[in-house]
Chemist: 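Quick one: the structure is below, questions incoming.
The structure presented is a predicted model; accordingly, all values stated were derived computationally and were not measured. Below, read A as the first sequence line, B as the second, and so on, with proteins coming before strands; counting in each chain starts at 1.
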Amino acid sequence: MQIKEVEHIKKLRNKYLASQKKFPRKVMVCCGTGCLANGAGKIVDAFTDALDKREIKHFAVEAIKETGCHGFCEQGPLVIIEPSGTFYTKVKTKDVDKIIEQSIERNEVIESLLFAEPKSGEKIEKYGDVDFFKHQHRLALRNLGKISADSIIEYISVGGYKAFAKAVTTMKPDEIIDEIVASGLRGRGGGGFPAGRKWRTCREAAADTKYVVCNGDEGDPGAFMDRSIMEGDPHAVLEGMMIAAFAVGADQGYIYVRDEYPLATTHLQKAIEDCQESGLLGENILGKDFSFSIKIARGAGAFVCGESSALMRSIAGEIGEPRAKYVRSVIKGLYDQPTVLNNVETYVNVPLIIDKGSSWFKGIGTEKSSGTKVFSLVGKVRNTGLIEVGMGTTLREIIFDIGDGIIDNRPFKAVQTGGPSGGCLPAEHLDLPVDFDTLTEVGSMMGSGGMIVMDDKTCMVDVAQYFLGFLVEESCGKCVPCREGLFQLHKLITRICEGKGEEGDLEKMEHLSQTVLTASLCGLGTSGPNPLLSTIKYFREEYEAHIRDKKCPAGVCKSLIKYEINDKCTGCMACIPACGYDAITGEKKKIHILDQDKCTKCGACYAVCKFEAIDVS
Amino acid sequence: MVNITINGKTAQAKEGEMLLSVIRRLKIDVPALCHHEAVEPLGACRLCMVEITKTEWDGWSKFVTSCLYPVEPDLIVSTHSDQVNEIRRTIMDLYLARHPNSPEIRKLAEEYGVLKTSYEVQVDGDNCILCGICTRICDAMGFHAISLVGRGHGKTVAPPLNEAPPDCTGCLSCALNCPTNFIEFSDQDDKRTIWNKEFEMLACVKCGATTITREFAEHLSKNRDIPFEYFETCDSCHRKETSLTMGRIAAWTKEAQS
Amino acid sequence: MKNRFIVNPVLCTGCRTCELACSFAHSVDGQMGRSRIYPLDGGMTDLWVPVTCLQCEEAACVKSCLVNALRRNPDTGAIELNEDICVKCMACIAACPFGCALHDTQHDLIIKCDLCGGDPACAKFCPTKALEYKPFETKKKKLAG
Amino acid sequence: MKHDIGKLPEILDRHPKSQESLIAILQDIQKEYNYIPCEALTETATALSIPLSKVFAISTFYNAFSLTPRGETIIRVCTGTACHIRGAELIKDQIETALGIKAGETTPDGKFTIEVVACVGACAMAPVVINNEKYHGSVKVSGVKKLLKVKK
């Protein structure tokens, strides 16, 4: 299948769509990492096996689609029957025969496999009617769950590479950049720098060689949108990069993929090979004077490589240490050449903007942050997963409408956005419309879109300590404020968690944070104290409880809590083997005894007790 | 050449040259622990930070490491503003917590008024401040014998695999340029030891005085096209030789003239 | 025509004025530095040779410097050492076949003659004109003139 | 001790001989041997004409590389924010107690290595533990022992 001109894309598309008409119903099995972990692979096998055993009317292997992630990983494996959109969750292999018999052959709905809204218990039949999906506006995630993840023809069948063809054959590079500038698209990786301006600077920079780089090193713990997109819609990433390359005049692209994402690498690799084979990558693409190829560079486990200059050094096979960027990487980037670097989510928006126009895109979101943003809504929220909403949606809508509120109806305490560079926002900011600037104003950050919801059982001091610990581990160690400053901040906060905090520690930490913020070399350091500062700002009394009263109100910090067995204990003996330290003794049907001297406060007993018989204080 | 203002005085600088070079040329004392002119600036110690602004920035200023900030026209630089001094003070405080036994660190910290660190002292800390001067010089000399190993707080300077470095020629540049004199070596008789590697010192064929290691001399001779016998005589014997040769020539000339 | 050092050992009395002048000219922090020139015994009675750097065309010291701290000044022709760049590896001292790159042990500096930037103090103060710094007239030039 | 690095030439042949390939080569070596034997580092440096010190620095900078042999089964505990909030610490503790080693260590019989990873991007299923390549989501204290028995 060779694509040498725009017509070929159209022809391929029509031919494929016609071939698919044979199947009145299709089975979409989510094969994102989450669903695979829950056994989606076996579900696909079960469907194929069923076909081996007998002939099923209007159904064949071609109608089973291994799709990308729907974002609702917690409910996986997910199976959707199209075109009706019947939505089955937590499907098991034993359900497959039933699905084939009832839903595929007879077009019936299997009540027991439907998703029940956690709050109302109401069973919802169609995918689009579930609260989790209903409130979303999916642009970047447009194809996730709709097409076979690694198939170029499926991508083309939903309009893929149409925008690229339009850009290359009908637009001048400057027109493309004008369009991106007009759309107001800002970098989805964290900083929110206008993508169009970056492209223009790169285009104007005089150099023979230019590069287009895609940052797929999603390092923020708690964020996984780039992973899902790379796994589930790799061609959209390539298309975005190809348009960027044509616009800035680059002939080589790189995608830097995290080491922890093997499936993303496999799918991207296949997508690149398919494009090379069909002629969408290579020399004289679509018959034009445009050549472009893309290589995958795999990361090797270093958070700091999400920083642009470190990432570029890592691509070159060097140590991923950032350098000072008084000369920007768009002028002097990879191999000292002008380089456009955007992240995965940014690139997948590009084909949409070219296809539908900048004014359409500008109409979504807020004035200064146009378009949508994907968030990974995780933590103590009922519906966890990957969601996409228009910029300006409030935190409340995201957490309570889409996320359906807090697990076990506990009170909402805080939401952490922006990963280790961001901050924790308390309930008073729940009505904040989320965009790049509002989050920064209140001391947090958009970051790559991690959104971690916390309830009253989450200790904010512990959260800050967690992030500082993470950053100490991940600091490259090049500059002193970050290497030594974050280390000392972590020491100080650890002492507080251990009940050894002293008056004045908060002020000392705030003071040291200022130097780390101002004097560090790269973004890791200059934003590193944010989780600490935001928690001190909004949850100061919790810190003071740790320091003054030596208490952890949330019952998390081990040195400040005590586990005790109360009289609700039924003597079920479940906690005895759970305790790895022989601290609990007891007999059947008698209240167990916890030896405080042996207790390490690991919380295992608390986690296994079904009778609320263990108190934390 | 462009004009910039440093601490209220106008100075001339080459456009694109690093700000620290201009500051040092003016003999303004700005500390820097990771800077060496022989190698590319790194920006690791952050002590050379200065505050910069421009008239058109409308009161807004920023902090930059002068060692790698290229000069721009009309820059207004303040090398010792209150905030800059505060940053340096905190950095020295952090250094002192990690390297409490280094005389060099103690002295510089004292200059910024830090007599005792406010932070937790690292008891088992060594005096390596991870400035990378040694490794960068080693790279610049083309040996690449040692490198910064690991990352973050646990980073160290070490030879590959923590064994005697195969590429080291014992030139000693790493040790002699270490700002805290951390790198150990010993020169005894005709043996030099550094990085757990032993080297034979070349001895002067005339007087027996030692000069550089045999490996270093062989490297220079081979890669830099210098006759090896040049290295076999020490500088003082070379000078004597020179004077005798010139003396003989002078005597002949005198003879010829008379 | 560029100036050159012209050394005439026959006139040298070994008075060591050049050495003193050089030390003063190269002071370090206001203290006298180590001299770059030494009148040495020429091997015959009453013959002294002021030994100093010849600024060789193809200089071993320059070749031996792996960090390019030694560079020729295009105006004076002197090979000058940039002390800030120098990493003190001693390669130049070991490489110079005339023994004219020196180690100032007192200030821990590598030193060599820099022609005082075009007006060498040694020649200026030499009482007997054993050392002169002046245009070198070649025979060819004479013939042409 | 000499390590068998017989597969190395084959790995090196798969990649262009440039510094750009270094990280990918190291990853392939680690995949083959479960760690990076030091002989392989030296050979790689020679093959790519990169100073050994640089190769050593890179192999120690990135978390993914291990220069010491690891267990047959590698248990990776995700400690990303979502997992942390949902009790990854407790799960880690349970695994450590069950295997009698600390994170980063290998059991004396060479069967298990526990590694802590910053985030594996499966946050919706927190807490997550990966047994070799197999993901386990929503891990509970009661499920730890069963999880450790799973062979690849």
Chemist: Before you tell me yes or no, could you show the steps for B:Asp235 and B:His238 under side-chain hydrogen bond (donor to acceptor under 3.5 Å, both in side chains), namely the whole-Å CA-CA distance, both residues' side-chain angles and the distance that decides it to 0.1 Å?
Modeler: CA-CA 5 Å; B:Asp235 64 313; B:His238 266 142; over 6 Å; no
Chemist: Which region of C:Ala91, side chain (C-beta onward) or backbone (N, CA, C, O), has a non-hydrogen atom less than 4.5 Å from a non-hydrogen atom of chain B, or is it both or neither?
Modeler: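 The answer is both parts of C:Ala91.
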Chemist: If you tally heavy-atom pairs under 4.5 Å against chain B, which of C:Cys12, C:Ser64, C:Cys100 wins?
Modeler: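 Of the options given, most contacts go to C:Ser64.
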Chemist: So which of B:Asp225, B:Leu172, B:Val39 has the largest heavy-atom pair count under 4.5 angstrom toward chain C?
Modeler: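 Heavy-atom pairs under 4.5 Å are most numerous for B:Asp225.
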Chemist: Is chain C contacted by the side chain of B:Phe231, its backbone, both, or neither, given a heavy-atom distance below 4.5 Å?
Modeler: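 Interface part for B:Phe231: both.
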Chemist: A cation-pi test, strictly: NZ or CZ of B:Arg239 under 6.0 Å from the centre of the six-membered ring of C:Tyr38 and no more than 45 degrees from its axis. Yes or no?
Modeler: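 That pair qualifies as a cation-pi contact.
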Chemist: Find the one option among C:Asn68, C:Asp84, C:Asn8 whose heavy-atom pairs under 4.5 Å with chain B are most numerous.
Modeler: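 The residue among C:Asn68, C:Asp84, C:Asn8 with the greatest pair count is C:Asp84.
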Chemist: Taking every non-hydrogen pair under 4.5 Å, which of C:Leu47, C:Asp41, C:Ile85 racks up the most with chain B?
Modeler: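 Looking at each of C:Leu47, C:Asp41, C:Ile85 in turn, C:Ile85 comes out on top.
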Chemist: Judged by atom type as modelled, is there a donor-acceptor pair below 3.5 Å linking the side chain of C:Ser35 to the main-chain atoms of C:Cys22?
Modeler: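 Flag not set: sc C:Ser35 to bb C:Cys22 has no pair under 3.5 Å.
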Chemist: At a heavy-atom separation under 4.5 Å, does B:Ser173 approach chain C through its side chain, its backbone, both, or neither?
Modeler: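 Looking at B:Ser173, backbone and side chain both touch chain C.
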Chemist: Does any heavy atom of chain C fall under 4.5 Å from the side chain of B:Ser243, the backbone, both, or neither of them?
Modeler: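 Answer is both: backbone and side chain atoms of B:Ser243 are under 4.5 Å from chain C.
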Chemist: At a 4.5 Å cut-off on heavy atoms, which part of C:Cys96 comes close to chain B: side chain, backbone, both, or neither?
Modeler: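 Only the backbone of C:Cys96 comes within 4.5 Å of chain B.
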Chemist: For chain B, find which of C:Gly43, C:Ala94, C:Ala69 contributes the most heavy-atom pairs closer than 4.5 angstrom.
Modeler: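 Most pairs with chain B among the choices: C:Ala94.
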Chemist: Apply side-chain hydrogen bond (donor to acceptor under 3.5 Å, both in side chains) to B:Asp190 and B:Thr210, showing your working.
Modeler: CA-CA 7 Å; B:Asp190 53 350; B:Thr210 53; over 6 Å; no
Chemist: Are B:Glu241 and B:Lys206 ion-paired here, with the side-chain N under 4.0 Å from a carboxylate O?
Modeler: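 Counted as a salt bridge, because a side-chain N and a carboxylate O are separated by less than 4.0 Å.
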Chemist: Is B:Phe143 in contact with chain C via its backbone, its side chain, both, or neither, using a 4.5 Å heavy-atom distance?
Modeler: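 The side chain, not the backbone.
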Chemist: Less than 4.5 Å apart, any side-chain heavy atom of C:Pro39 and any of C:Glu19?
Modeler: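 Yes; the side chains approach each other to less than 4.5 Å.
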Chemist: Regarding B:His144 and B:Asp139, is there a side-chain donor-to-acceptor distance under 3.5 Å anywhere?
Modeler: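 Result is yes, a qualifying pair exists.
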Chemist: Looking only at side-chain N and O atoms, does B:Glu37 offer a donor or acceptor that is under 3.5 Å from a partner on C:Asn82?
Modeler: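 Side chains of C:Asn82 and B:Glu37: no pair found under 3.5 Å.
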Chemist: If I measure from the heavy atoms of chain C, does B:Arg248 come under 4.5 Å with its side chain, its backbone, both, or neither?
Modeler: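 It is both, since atoms from each part get that close.
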